[in-house]
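These notes concern the structure reproduced below.
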There are 2 protein chains.
Amino acid sequence: MKTHPINTILQGDCIETMSSLPTGSVDLIFADPPYNLMLGGELHRPDNSRVDGVQDAWDRFESPESYVAFTNAWLKEARRVLKDDGTLWVIGSYHNIFRVGAALQDMGFWVLNDIVWRKSNPMPNFRGTRFTNAHETLIWCAKSPDARYTFNYEAMKTLNEGVQMRSDWTLPLCTGAERLKDEEGSKVHATQKPESLLYRVILSSTKAGDVVLDPFLGSGTTAAVAKRLGRRWIGIERETRYIEAATRRIDAVEPVRDVALLQAPAKRSEPRIPFGSFVEQGVLEPGTILCDASKRYTARVRADGTLLAVTARGQHSGSIHQVGAAVQGAPSCNGWTFWYLDRPDGRVPIDALRQQARAEMAHHA
Amino acid sequence: MKTHPINTILQGDCIETMSSLPTGSVDLIFADPPYNLMLGGELHRPDNSRVDGVQDAWDRFESPESYVAFTNAWLKEARRVLKDDGTLWVIGSYHNIFRVGAALQDMGFWVLNDIVWRKSNPMPNFRGTRFTNAHETLIWCAKSPDARYTFNYEAMKTLNEGVQMRSDWTLPLCTGAERLKDEEGSKVHATQKPESLLYRVILSSTKAGDVVLDPFLGSGTTAAVAKRLGRRWIGIERETRYIEAATRRIDAVEPVRDVALLQAPAKRSEPRIPFGSFVEQGVLEPGTILCDASKRYTARVRADGTLLAVTARGQHSGSIHQVGAAVQGAPSCNGWTFWYLDRPDGRVPIDALRQQARAEMAHHA
DNA sequence: CTAAAGACTGAATCCACGG
DNA sequence: GCCGTGGATTCAGTCTTTA
């Protein structure tokens, strides 16, 4: 039986090593595969200094076909290891992202978003022959169109000052103290990703305790951020020098202590309270009149917690939601926020009753 | 012998019609093919209004395979018609752009840039299920790696206030007076592109007098901008109603005398700096304690950039502004100046972080 | 007349759970 | 698996109507 290692780096080829992991065992995969840059000769700045680009053997492929074969192979194993409701992130540039995206769509993955990492401090185009290549692309996808994936909508919205997080993220490159250096002061890994990028990836699409797999761990950014955010992790890496640097780095990470403190709870996860319970408990008398914000519609509360409304279009009865939708002629309605109640201290939405009940439940818990 | 029509709209299927054009005869192709969105049922806004999505027959394909076949067919003709030193632009979204990009790379096209059109006013994600889809992607490519293509580096730099034009362009959607409407006031074309986008495309990669071909002309944006910029143009379109609207539109265009007089569209809605970004980028650890100037109140920073404060009046969580207001019992509060941070070099308002980040952004810009 | 408030709109793969 | 129901969910802008 396949064992399930956790919080460790597995040394080896990413495809072989993934094949040793159990089927449907990880919640999230973040993959930063070789980009297959196919750089020609060396690149020099206007002052003739040499640009230290990606020259490593791991980025060399014989042909476009062999890159596609490699992509299909690792994606296939990733798909097997991923839970049915898990999601996959892949990062790339125009050199490889189209082939990767087409391959994963052909394999049945369902794209949820393509995300643009807009670099606030990209390397300029020294020759002035193209637009400054100032971004990279991430693809976020589920295993199927009907998968129930994790998306921490509220956390992303608050992280973005109260408006929805968009598909373009402006973040700086990994530089300065965050960038791993060897004894001689040169960078350990050519393509180390910034922790801020992984922070957003992991915070948006996993829950605390989830298992995050990175099949191309490199300098260990994914594992470091997963550990910091109270997620479990598995890394796969071939080269010993990267493993050594990543291990030191991950060991030094302190997880955030209070997991409950990590993020505000989503509204969707709050306990459900039936409207009828307020009638049942005597908070509302049967016969109480409700109205909408504009006072165009009124409805009467019945003993079983349903409403009764009479309009020009006829008589409507049913739940607070059904009657709210019916009187407006709308396809749906949130009755909690649509209906109001006259109280001595003013008109309040009936949602105020629910909020109060929830606050009392939290107090007793 | 094949004739070379110019400054006209050719009615017909794009592949057949392109095949009637001479080989190696156009300098630039801009293509806005169907995205094959595959939308499900109806979508409503929270106010219950219905979203008027793309449901035209031209966007429906039998299968992913038939979309790929269609893509290969039109790309092949486009490649033939294009001069050896000409370039091709294609716009798309995550629904189709990966398949398109892979197809054109397989065909030998050489990608020069992928360009992100960052929409300053995208439609939100109404259900809170994904990141707001706030961009589209353009691929710019030459016929071969050694092609001597046109790139007006200086014009782009000037258009971008003296710094190199990046691969991400922030531009608004096509709305208001620019959007073509029919007699009943509804939009003529579901996916009319803004002229500002085509300005950049045509100005960056053609010379005056060059021939610009758009095989999916639609509402005629490409032809209108080409004419305005003193380029020649050919449009291909199948549907009579689009041709009629585009013809009126193009006829009304006055070519500019002096292209240098064209001014850059105002930059709108540059990224703001959310408080959460400092947590994300590791400037602040989750769990960090903030306090106000008088040290009466303290709050704890959470991983999503919200604060959590406990006072005699209860527990408060939310943005730096909301929690600042709540602990004081005030109606509002500027959290940037209210909350302070203890640093080795003394206590500073958190606004110092923001000022520093803005200074760095200005430096990089 | 101006100013404020309300209506309308955009290439959208847009719900979750219990019976 | 399907079906019914609860109830959660929007940003930047333009244009129209009201005060």
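Side-chain atoms are counted along with the backbone in the values below, which use heavy atoms only and exclude waters and symmetry mates.
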What residues, two or more places apart in sequence or in another chain, satisfy side chain to side chain contact (heavy atoms under 4.5 Å, CB included) together with B/Cys174? B/Glu178, B/Arg179, B/Gln192, B/Pro194
Return the set of residues passing ring pair (Phe, Tyr, Trp, His ring centres under 6.0 Å) with B/His95 (not counting sequence neighbours), or none when no residue passes. none
Near DNA chain C, which residues from residues 183-192 of chain B have a heavy atom under 4.0 Å away? B/Lys187, B/Ala190, B/Thr191
Less than 3.5 Å apart, which donor and acceptor atoms pair up between the side chains of residues 35-42 of chain B and the rest of the protein, not counting sequence neighbours?
unit_1  : atom_1 : unit_2   : atom_2 : d
B/Tyr35 : OH     : B/Glu136 : OE1    : 2.6

For A/Asp351, salt bridge (charged side-chain N to carboxylate O under 4.0 Å, His left out) partners two or more places apart: A/Arg354
Kindly state which residues belonging to residues 55-63 of chain B come within less than 4.0 angstrom of DNA chain D, counting heavy atoms of the residue only, listed by number. none
Partners meeting side chain to side chain donor-acceptor pair (under 3.5 Å) with A/Asn152 (sequence neighbours left out): none
For B/Phe216, the ring pair (Phe, Tyr, Trp, His ring centres under 6.0 Å) test, sequence neighbours excluded, returns B/Trp74
Donor-acceptor pair present, B/Arg130 side chain and C/dT13 base, under 3.5 Å: yes
Let's test your reading of the model: under 3.5 Å, does the base of C/dA11 pair with the side chain of B/Lys193 as donor and acceptor? yes
In which stems does DNA chain C show up, taking only runs of three or more Watson-Crick or G-U wobble pairs whose two distances fall under 3.5 Å? C:2-10 with D:11-19, C:15-19 with D:2-6
Tell me, please, which residues at least two apart from A/Phe131 pass ring pair (Phe, Tyr, Trp, His ring centres under 6.0 Å). B/Trp140, B/Phe151, B/Trp169
With 3.5 Å as the limit, what N/O pairs link the protein to nucleotides 15-19 of chain C?
unit_1 : atom_1 : unit_2   : atom_2 : d
C/dC15 : OP2    : B/Arg127 : NH1    : 3.0
C/dC15 : O4'    : B/Arg127 : NH2    : 3.4
C/dC17 : OP2    : A/Arg148 : NH2    : 3.2

Mind listing the residues from residues 315-332 of chain A sitting with a heavy atom below 4.0 Å of DNA chain D? Number order is fine. A/Ser319, A/His321, A/Gln322, A/Ser332
Between B/Ser49 and B/Gly128, name the one whose nearest nucleotide on DNA chain C is closer to the 5' end. B/Ser49
